[in-house]
Amino acid sequence: MSTVRRAVVLVAVSALALTACGPSEEGTAGGSGVPTATPTASASPSAPAKHSKPTKPTKPAKPVSPSTDPDYDVFPCSTYDVTFTASLAEPTTSSYLLKITNKSGKPCRVLGHPVVTFGDLDGQATERGTAPGIEEAIRLAPGQSAYAGLMGGPKDAESETVSSIAMTMNTESDLKQVPLKASTPGLNVSDGNSVTAWMGDAEDALSL
């Protein structure tokens with residue numbers, strides 16, 4: 001064998017030996033060349049089941065009062081709740097003091113003006129002055145009284161006299177009432193007859 005050929009053969013053998021003995025590409029990258037199993041994370045123990053606390057029975061709701069106003073159930077006075085009288089207060093003007101008294105066993109509210117008619121004549125007395133609102137209306141307890149002033153009309157050729165009047169209460173409703181009558185001898189009736197609102201004091205009722 002020639003010297004050149006022998007040298008080539010030696011180089012080739014050396015190269016093969018180096019390849020067989022050298023580290024693999026995977027080993028160079030830090031691996032052993034043999035695939036390793038990746039350890040799986042162990043399953044964490046499951047948390048113990050939580051038991052819900054028993055619910056307490058709810059207490060029944062307390063009954064609520066319909067209103068904090070102690071007079072929420074005090075209704076307007078009607079002729080079924082009161083007695084009625086008329087007394088001559090001023091002969092020269094033919095004026096009368098009207099009086100109602102609560103005869104029922106419970107309080108009622110006296111609203112507005114009385115509705116006054118004159119015997120068999122048509123029409124009614126006009127309202128004199130203003131009346132308090134329902135919140136300020138007189139609260140008439142059993143046995144208590146309220147007053148109104150009925151002013152006589154001027155005497156003229158067209159005026160007439162009556163011996164009685166009839167009265168109904170203002171209830172701000174369509175309640176049918178039985179008129180209460182009172183004797184009023186010599187009451188002069190004309191366009192000037194007027195009546196005040198109900199008041200708690202008799203003098204106040206005649207002073208308007």
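For clarity, every value in this text was computed on a predicted model and none was experimentally measured.
At most 12 non-hydrogen atoms from other residues, nucleotides or ligands lie less than 6.0 angstrom from CG of Asp191. Other residues, nucleotides and ligands contribute at most 12 non-hydrogen atoms within 6.0 Å of the CD atom of Glu203. For NZ of Lys103, the number of neighbouring non-hydrogen atoms (other residues, nucleotides, ligands) closer than 6.0 Å is greater than 12.
Applying the side-chain hydrogen bond (donor to acceptor under 3.5 Å, both in side chains) test to pairs two or more places apart or on separate chains, those with a residue in residues 192-201 are Arg128-Ser194. The stretch residues 159-208 participates, sequence neighbours left out, in no disulfide bond (SG atoms under 2.5 Å apart) pair at all. Sorted by first then second residue, the disulfide bond (SG atoms under 2.5 Å apart) pairs that include residues 135-201, not counting sequence neighbours, number zero. Annotation: disulfide bond (SG atoms under 2.5 Å apart) contacts involving residues 176-208, sequence neighbours excluded, are absent. Sorted by first and then second residue, the pairs that involve residues 96-173 and meet disulfide bond (SG atoms under 2.5 Å apart), not counting sequence neighbours, are Cys77-Cys108.
Residues Pro179 and Gln177 share a closest heavy-atom pair of CD-O, 3.5 Å. When every heavy atom of Thr184 is checked against every heavy atom of Ala86, the shortest pair comes out as CG2-CB, 4.0 Å. The heavy-atom pair separating Arg139 from Pro107 by the smallest distance is NH2-CG, 3.4 Å. Here the closest heavy-atom approach between residue Thr85 and residue Ala182 is recorded as C-CB, 4.2 Å.
Hydrophobic clustering places Val195 together with Val189 (ILVMFWY residues linked when any side-chain heavy atoms are closer than 4.5 Å, directly or through intermediates). The hydrophobic clustering, which links ILVMFWY residues whose side-chain heavy atoms are closer than 4.5 Å, places Leu206 and Phe84 apart. No path of Ile, Leu, Val, Met, Phe, Trp and Tyr side chains, each step under 4.5 Å between heavy atoms, connects Leu140 with Leu97, placing them in separate hydrophobic clusters. Put simply, Leu121 and Leu187 are part of the same group of oily side chains (I, L, V, M, F, W, Y) that touch within less than 4.5 Å, one to the next.
For Gln124, the side-chain contact (heavy atoms from CB on, under 4.5 Å) criterion is met by Val115, Thr117, not counting sequence neighbours. Qualifying side-chain contact (heavy atoms from CB on, under 4.5 Å) partners for Pro185, counting only residues two or more places apart in sequence or in other chains: Tyr96, Ser183. Residues satisfying the side-chain hydrogen bond (donor to acceptor under 3.5 Å, both in side chains) test with Glu160, not counting sequence neighbours, are none. Every residue meeting the side-chain hydrogen bond (donor to acceptor under 3.5 Å, both in side chains) condition with Thr93, not counting sequence neighbours, appears here in chain and number order: Ser95. Looking at residues two or more places apart in sequence or on another chain, you find a side-chain contact (heavy atoms from CB on, under 4.5 Å) between Asp156 and Glu158, Ser159.
From Ser104, atom OG reaches atom CZ of Phe75 across 12.0 Å, with rounding to the nearest 0.5 Å. One distance of note links CG of Asp81 with CZ of Arg109; it measures 13.5 Å at 0.5 Å rounding. Atom OG1 of Thr161 and atom CG of Asn188 lie 7.0 Å apart (nearest 0.5 Å).
Within the 4.5 Å cutoff, no side-chain heavy atoms of Thr83 are placed close to those of Ile100.
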Worksheet item: Between Val116 and Leu98, is a side chain to side chain contact (heavy atoms under 4.5 Å, CB included) present by the stated rule, with each step listed?
Response: CA-CA 10 Å; Val116 178; Leu98 310 184; 3.9 Å; yes

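Checked by atom type and distance alone, the side chain of His113 never pairs as donor or acceptor with a backbone atom of Thr126 at under 3.5 Å.
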Donor-acceptor contacts under 3.5 Å from residues 142-155 side chains, at least two apart:
from	atom 1	to	atom 2	distance (Å)
Gln144	OE1	Ala141	N	3.0
Ser145	OG	Thr101	OG1	2.7

Only distances under 3.5 Å count here; give the side-chain donor-acceptor pairs of residues 162-171 to other protein atoms, sequence neighbours excluded, each with its distance to 0.1 Å.
from	atom 1	to	atom 2	distance (Å)
Asn170	OD1	Glu172	N	3.0
Thr171	OG1	Ser173	OG	2.9

